[in-house]
Amino acid sequence: MKTSVELQDPMSYYLVWLIVAIVAVAAVLFIQIFFRILLKDQLRKKKEKTPKIRPPKKKPLSVLKWEYMQRLDHLERGIMAGSFTKRRAYQDLSMLIRSFVTDATGIKVQNYSLQEIRRVGIPGLTALVQEYYEPEFARQSMADIRASLFRTRKAIELWS
């Protein structure tokens, strides 16, 4: 039986959909590349933003130093009395110097990793935290707690 309707070959439809799919993928890629280039500088600035060091508002620096030296002396007495394990002593020492820097600068470094502390740009703090890392996290350590106490005391005394 003959009909007046002519059917198209099914393969002719595939070419249209293939072209539509290629154009859609190209458009998505173009938009993504465009926005990555456009926002690249803004994202980099956001990541690398370093906090500004501000002088303490609540107390003069000399009072802060005196208070933290008292806390350090108290910690040292506990360490020498054997009240702390070496790990606990280094953890307390790390929190003490971090708290001091937070109070002295306004930068909340208590929960910063060593890498984040490096980015802040306070070499004395970076050196001390790096010194504390191994004894804080190792099962056993050969670190000298007295030397660490001395360096922490010097860092607080020389802070300006």
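The first residue of the sequence shown is numbered 1, and numbering continues consecutively from there.
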Group every Ile, Leu, Val, Met, Phe, Trp and Tyr by side-chain heavy-atom contacts under 4.5 Å, then state whether [X] and [Y] land in the same group.
X: F30; Y: V25; answer: no
X: I31; Y: V28; answer: no
X: F150; Y: M80; answer: no
X: L72; Y: L61; answer: yes

Donor-acceptor pair, [X] side chain versus [Y] backbone, under 3.5 Å?
X: E116; Y: S113; result: yes
X: K59; Y: D103; result: no
X: R98; Y: Y112; result: yes
X: S99; Y: M95; result: yes
X: K65; Y: W159; result: yes

Worksheet item: CZ/R71 to CG/L96 distance, rounded to the nearest 0.5 angstrom?
Response: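 CG of L96 is found 5.0 Å from CZ of R71.
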Worksheet item: Rounded to the nearest 0.5 Å, how far apart are CD of Q110 and OG of S94?
Response: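 Rounded to the nearest 0.5 Å, the CD-OG separation comes to 10.0 Å.
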Work out which heavy atom in [X] is nearest to a heavy atom in [Y]; give both atom names and the distance.
X: K86; Y: S141; result: NZ-O, 3.2 Å
X: V101; Y: T105; result: O-OG1, 2.6 Å
X: F84; Y: D92; result: CE2-OD2, 3.5 Å
X: I97; Y: Y132; result: CG2-CE1, 3.6 Å
X: A143; Y: E134; result: CB-OE1, 4.4 Å
X: A89; Y: L75; result: O-CD2, 4.4 Å

Worksheet item: Would you call D73-R77 a salt bridge at under 4.0 Å N-O?
Response: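 The answer is no: the pair does not qualify as a salt bridge.
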With heavy-atom distances below 4.5 Å as the criterion, would you say the side chains of [X] and [Y] are in contact?
X: E157; Y: M69; value: yes
X: Q130; Y: I117; value: no
X: R146; Y: I79; value: no
X: V109; Y: L125; value: yes
X: F100; Y: T152; value: no

Practice prompt. Could you tell me whether Q70 atom CD has more than 12 heavy atoms of other residues or ligands within 6.0 Å of it?
Written response: yes
Discussion item. For R151, run the side-chain contact (heavy atoms from CB on, under 4.5 Å) check against L93, I156, L128 and tell me which one passes.
Written reply: L128
Worksheet item: Parallel, tilted or perpendicular: which fits the ring planes of Y133 and F137, with parallel below 30° and perpendicular above 60°?
Response: perpendicular
